[in-house]
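To keep things clear, I will list the structure first and then write my remarks on it.
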Amino acid sequence: MLKNLSKICIWLIVRAFIFFVLVWILLGINPTDTYNRIYQRAIALKTGTFSFSQSLSHTARNMGKVADYHLKEAAERIDGKDPYQDYNSTLDRNIRQDFNQ
């Protein structure tokens, strides 16, 4: 009985971890924000102030924003711009300034 309970607990922890990672990758919401949103929605469900359609539209907006971000990033790569080009040039400039001092 105890062995089965521990298997179930481990299974739930692994599933929760996978859920948080997928939300972070697909929606761009970090795990602490995800936890806070889940907690707030659970409180809203308990008090009866939860609106499923509002939640669904909010999630769809987040997915749209993340998709636009990835499309813009891909377009820059297709156009030949390195996404790290600005960062690298800033680092190079800082290193030259430190070296010349």
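Bear in mind the structure is a predicted one, so any value in this text is a computation, not a measurement.
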Working to the nearest 0.5 Å, report the span between CG of Asp68 and NZ of Lys72. 6.0 Å
The side-chain hydrogen bond (donor to acceptor under 3.5 Å, both in side chains) partners of Tyr69 (sequence neighbours excluded) come to Glu73
In residues 12-32, what donor-acceptor pairs under 3.5 Å come from side-chain atoms, sequence neighbours left out?
unit_1: Asn30; atom_1: OD1; unit_2: Thr32; atom_2: OG1; d: 3.2
unit_1: Asn30; atom_1: OD1; unit_2: Asp33; atom_2: N; d: 3.0

Under the side chain to side chain donor-acceptor pair (under 3.5 Å) rule, what pairs show up with a residue in residues 1-12, not counting sequence neighbours? none
Quick one: NZ on Lys65 to CG on Asn62, what's the gap to the nearest 0.5 Å? 6.0 Å
